[in-house]
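Below is one structure, written out as structure tokens, with a few remarks after it.
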Amino acid sequence: MSKSLIFHIDVNSAYLSWEAVYRLQQGDPLDLRTVPSVVGGDPLTRHGIVLAKSIPAKEYNIKTGETLYSALAKCPDLIIAKPNYLLFRQCSEALSLILRDYSPLIQQFSVDEYFLDFTAMDLLFGDPLATAYKIKDRIKNELGFTVNIGISTNKLLAKMASELQKPDQVHTLFPEEIAEKMWPLPVGELFMVGRATTRQLLSRNIKTIGELAHTDPRLLKAIMKSHGLLIWNYAHGLENSPVRPGGRVAVKGMGNSTTTSFDVKNRREAHLVLLSLVETVSARLRHDQYFARLLSISFRTHEFLSYSHQRQLSHATDCTNELWEIACRLFDELWKGQPLRHLGVRASELCQNDFLQFSFFTKDYERDRKVDQAVDIIRQRFGSQAIMRSSYLHSGLKSMTGGVIAEEEYPAMTSLL
DNA sequence: TCTGGGGTCCTAGGACCC
DNA sequence: TCTGGGGTCCTAGGACCC
């Protein structure tokens with residue numbers, strides 16, 4: 001049995017590269033990647049954050065997630081492109097088609113990241129490193145954007161390898177290279193060490209991944225519970241999850257949320273936003289043939305405080321009206337009248353709806369089911385805006401919110417590999 | 001702060017049961 | 001009752017990922 005060999009393929013500045021390639025194809029002479037530019041939303045609708053940045057923009061210290069306002073303050077000439085999620089999905093699919101030529105075992109980890117199990121594939125393709133270069137160059141030549149490829153013996157190290165130096169590079173990070181290549185890095189670069197954990201580690205003078213690796217795991221466990229042991233293992237490169245073919249992990253829940261373009265201040269408006277979210281969530285449930293047994297709602301206030309409320313349902317359902325009624329009740333129980341900037345709905349505890357179980361204690365939703373089915377068919381044929389409830393007319397609200405990625409859902413972006 | 005949207009997992013505390 | 005202890009379920013919040 002040959003040693004296990006994993007590739008991690010990561011698109012460089014994915015959203016921005018994809019938009020840049022698209023514009024070049026449309027005949028635009030300017031390559032966005034060569035100038036300070038970002039992909040970001042519209043500040044007027046309060047969606048104004050940086051989703052992706054070019055390398056020249058990075059040199060202005062512009063960071064993903066910061067406001068466009070702040071990015072523009074750092075670089076007044078910054079070019080801002082709107083996100084085109086349909087394009088992004090097409091690019092992601094085109095990438096996966098190329099990767100499939102090199103292994104039957106690939107896992108989509110996010111819209112711009114894939115794992116590829118190359119174990120024993122060298123018998124077919126020869127040297128792994130040379131093959132990785134071939135894959136990288138083929139993607140650049142055929143699709144027009146660049147990727148980083150990381151190579152190691154497990155997914156964690158392959159992923160850390162692909163982050164080493166960008167763009168358009170291939171790196172290895174084998175266990176014997178950990179001390180030299182990974183331990184000098186700032187501790188926050190380690191997968192699963194985010195802002196809160198970084199702060200805790202820095203307060204104990206643990207600044208690099210190497211210092212984390214040499215910290216007593218019992219201390220880490222004491223201060224961070226199981227997460228402490230997880231990151232200690234990661235600092236030593238210890239991780240052994242399989243590359244899941246197709247990446248299809250059973251989905252645990254489906255949710256949609258939105259930042260409203262104006263503060264929601266009355267119940268009627270809030271209920272209308274909830275309906276537009278439930279419309280999308282329940283259509284996704286029906287499309288994938290799931291019933292939900294738990295419904296959660298959440299909101300964020302003008303002051304940026306977050307609240308959530310959830311309830312187990314008396315019976316599983318995928319019905320728009322029924323889920324909407326529950327969402328409204330949960331909302332009314334939680335809301336104290338604060339102005340709101342963000343609302344969310346999430347359905348979880350999913351089960352297959354192979355057979356139906358009706359409750360004797362709730363009203364009959366049979367008629368609603370038929371309406372849902374008819375509306376789904378109309379929207380499928382004529383688009384999501386083809387039919388909407390009259391309450392949305394002149395409301396300034398969209399009748400369906402969220403779920404930009406329709407049809408085929410992406411596999412779970414699980415926090416664990 | 002002019003601060004997105006889609007996820008998963010973990011933990012703490014309270015209710016409830018034996 | 002001057003009130004044990006363990007297990008399970010539920011809920012809210014917070015951590016992390018892209």
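Throughout, protein chains are lettered first and strands after them, A, B, ... in sequence-line order, and every chain is numbered starting at 1.
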- Message: Without decimals, in angstroms, what is the distance between A:Leu295 CG and C:dC10 C1'?
- Response: 15 Å
- Main-chain N/O of A:Leu156 paired to A:Glu239 side chain as donor or acceptor, under 3.5 Å: yes
Side-chain polar contacts of residues 208-219 of chain A - donor-acceptor pairs under 3.5 angstrom, sequence neighbours left out - could you list them?
{"residue": "A:Thr208", "atom": "OG1", "partner": "A:Gly210", "partner atom": "N", "Å": "3.4"}
{"residue": "A:Thr208", "atom": "OG1", "partner": "A:Glu211", "partner atom": "N", "Å": "3.0"}
{"residue": "A:Glu211", "atom": "OE1", "partner": "A:Lys207", "partner atom": "N", "Å": "2.6"}
{"residue": "A:Glu211", "atom": "OE1", "partner": "A:Thr208", "partner atom": "N", "Å": "3.2"}
{"residue": "A:His214", "atom": "ND1", "partner": "A:Gly210", "partner atom": "O", "Å": "2.9"}
{"residue": "A:Thr215", "atom": "OG1", "partner": "A:Glu211", "partner atom": "O", "Å": "2.7"}
{"residue": "A:Asp216", "atom": "OD1", "partner": "A:Arg218", "partner atom": "N", "Å": "2.9"}
{"residue": "A:Asp216", "atom": "OD1", "partner": "A:Arg218", "partner atom": "NE", "Å": "3.2"}
{"residue": "A:Asp216", "atom": "OD2", "partner": "A:Arg218", "partner atom": "NE", "Å": "3.3"}
{"residue": "A:Asp216", "atom": "OD2", "partner": "A:Arg218", "partner atom": "NH2", "Å": "2.9"}

- Check whether any side-chain nitrogen or oxygen of A:Thr258 sits under 4.0 Å from OP1 or OP2 of B:dG5, and answer yes or no. yes
- Item | Residues from residues 299-309 of chain A lying under 4.0 Å of DNA chain C - heavy atoms | A:Tyr307, A:Ser308, A:His309
- Item | Atom-to-atom span, CG of A:Leu190 to P of C:dC18 - whole angstrom | 11 Å
- Do any N or O atoms from the side chain of A:Ser395 and from the backbone of A:Tyr392 form a donor-acceptor pair under 3.5 angstrom? yes
- Message: Between A:Arg369 and A:Glu322, does any side-chain N to carboxylate O distance fall below 4.0 Å?
- Response: no
Please tabulate, for side-chain N and O atoms in residues 334-351 of chain A, each donor-acceptor pair with protein atoms closer than 3.5 Å (sequence neighbours left out).
{"residue": "A:Trp335", "atom": "NE1", "partner": "A:Gln338", "partner atom": "O", "Å": "2.7"}
{"residue": "A:Lys336", "atom": "NZ", "partner": "A:Leu334", "partner atom": "O", "Å": "3.3"}
{"residue": "A:Gln338", "atom": "OE1", "partner": "A:Lys336", "partner atom": "N", "Å": "3.0"}
{"residue": "A:His342", "atom": "ND1", "partner": "A:Thr258", "partner atom": "O", "Å": "3.4"}
{"residue": "A:His342", "atom": "ND1", "partner": "A:Thr259", "partner atom": "OG1", "Å": "3.1"}
{"residue": "A:Arg346", "atom": "NH2", "partner": "A:Gly253", "partner atom": "O", "Å": "3.4"}

- Message: Applying the side-chain hydrogen bond (donor to acceptor under 3.5 Å, both in side chains) criterion to A:Ser162, which one of A:Gln169, A:His8, A:Glu113 satisfies it?
- Response: A:His8
- Item | Short side-chain N/O contact to B:dG4 OP1/OP2 from A:Arg341, under 4.0 Å | yes
- Item | Nucleotide nearest A:Arg346 when distance is taken to its side chain, options B:dG6, B:dT8, C:dC18 | B:dT8
- Query: Would A:Lys53 and A:Glu59 satisfy salt bridge (Lys or Arg N to Asp or Glu O under 4.0 Å), going step by step from the backbone distance to the final call?
  - Reply: CA-CA 10 Å; A:Lys53 59 189 183 296; A:Glu59 279 156 21; over 6 Å; no
- Message: Show me the pairs that pass salt bridge (charged side-chain N to carboxylate O under 4.0 Å, His left out) and involve residues 62-73 of chain A, at least two apart or across chains.
- Response: A:Glu66-A:Lys74
- Message: If a pair means Watson-Crick or G-U wobble with both distances below 3.5 Å, what does DNA chain B look like in dot-bracket form, with | marking bases paired to a different strand?
- Response: ....||||||||||||||
- Task: Show your reasoning for whether ring pair (Phe, Tyr, Trp, His ring centres under 6.0 Å) applies to A:Phe7 and A:Tyr114.
- Result: CA-CA 8 Å; A:Phe7 289 6; A:Tyr114 288 87; over 10 Å; no
- Message: ring pair (Phe, Tyr, Trp, His ring centres under 6.0 Å), that's the test. Do A:Tyr15 and A:Phe88 meet it? Break it down for me.
- Response: CA-CA 7 Å; A:Tyr15 286 1; A:Phe88 300 161; 4.1 Å; yes
- Check DNA chain B against residues 261-271 of chain A and give the residues with a non-hydrogen atom under 4.0 Å, in numerical order. none
- Identify, residue by residue, the members of residues 194-202 of chain A with a heavy atom below 4.0 Å from DNA chain C, and return them in order of residue number, or none. A:Gly194, A:Arg195, A:Ala196, A:Thr197
- Starting at CE of A:Met160 and ending at P of C:dC18, how long is that distance when rounded to a whole Å? 10 Å
- A:Gln310 has an atom CD; how far is it from atom C1' of C:dC9, in whole Å? 12 Å
- Message: With the threshold set at under 4.0 Å for non-hydrogen atoms, list the residues of residues 44-59 of chain A touching DNA chain B in residue-number order.
- Response: A:Arg46, A:His47, A:Ile49, A:Leu51
- Message: Tell me which pairs pass salt bridge (charged side-chain N to carboxylate O under 4.0 Å, His left out) where either residue lies in residues 290-314 of chain A, with sequence neighbours left out.
- Response: A:Arg311-A:Glu333
- Note on the structure: When rounded to whole Å, the CD to P distance for the pair A:Glu163 and C:dC17 reads 10 Å
What pairs of nitrogen or oxygen atoms, one from the protein and one from nucleotides 11-14 of chain B, lie under 3.5 Å apart?
{"residue": "B:dT11", "atom": "OP1", "partner": "A:Ser226", "partner atom": "N", "Å": "3.4"}
{"residue": "B:dT11", "atom": "OP1", "partner": "A:Ser226", "partner atom": "OG", "Å": "3.1"}
{"residue": "B:dA12", "atom": "OP1", "partner": "A:Lys225", "partner atom": "NZ", "Å": "3.3"}

- Query: Please give, in whole Å, the distance from B:dT8 P to A:Leu350 CG?
  - Reply: 9 Å
- Glycosidic conformation of C:dT1, syn or anti, with 90° from 0 as the boundary? anti
- Message: Taking the P atom in each of B:dG14 and C:dG4, what is the distance between them to the nearest angstrom?
- Response: 16 Å
- Message: Determine whether A:Lys159 and A:Asp10 satisfy the following criterion, salt bridge (Lys or Arg N to Asp or Glu O under 4.0 Å), listing intermediate values before the conclusion.
- Response: CA-CA 8 Å; A:Lys159 182 163 166 55; A:Asp10 190 335; 5.1 Å; no
- Query: Are A:Asn256 and B:dG5 close enough that a side-chain N or O sits under 4.0 Å from OP1 or OP2?
  - Reply: no
- Item | Inter- and intrachain pairs under ring pair (Phe, Tyr, Trp, His ring centres under 6.0 Å), touching residues 41-65 of chain A, at least two apart | none
- Atom CD in A:Glu325, atom OG1 in A:Thr317: separation rounded to 0.5 Å? 10.0 Å
- Look at A:His342 and B:dT3 and indicate whether a side-chain polar atom (N or O) is within less than 4.0 Å of OP1 or OP2. no
Compile the donor-acceptor pairs under 3.5 Å between side chains in residues 170-193 of chain A and protein atoms, sequence neighbours left out, one pair per line.
{"residue": "A:His171", "atom": "NE2", "partner": "A:Gln165", "partner atom": "N", "Å": "3.2"}
{"residue": "A:His171", "atom": "NE2", "partner": "A:Gln165", "partner atom": "O", "Å": "3.0"}
{"residue": "A:Thr172", "atom": "OG1", "partner": "A:Glu177", "partner atom": "OE1", "Å": "3.0"}
{"residue": "A:Thr172", "atom": "OG1", "partner": "A:Glu177", "partner atom": "OE2", "Å": "3.2"}
{"residue": "A:Thr172", "atom": "OG1", "partner": "A:Lys181", "partner atom": "NZ", "Å": "3.4"}
{"residue": "A:Glu177", "atom": "OE1", "partner": "A:Leu173", "partner atom": "N", "Å": "3.4"}
{"residue": "A:Glu177", "atom": "OE1", "partner": "A:Phe174", "partner atom": "N", "Å": "2.7"}
{"residue": "A:Glu177", "atom": "OE2", "partner": "A:Lys181", "partner atom": "NZ", "Å": "2.9"}
{"residue": "A:Lys181", "atom": "NZ", "partner": "A:Thr172", "partner atom": "O", "Å": "2.8"}
{"residue": "A:Trp183", "atom": "NE1", "partner": "A:Ala235", "partner atom": "O", "Å": "2.8"}

- Query: Atom CD of A:Gln107 to atom C1' of C:dC17: distance rounded to whole Å?
  - Reply: 13 Å
- Item | Rounded distance (Å) that lies between atom P of B:dT3 and atom NZ of A:Lys63 | 19 Å
- Message: Please check this pair: side chain of A:Thr280 against backbone of A:Thr401, looking for a donor-acceptor N/O pair closer than 3.5 Å.
- Response: yes
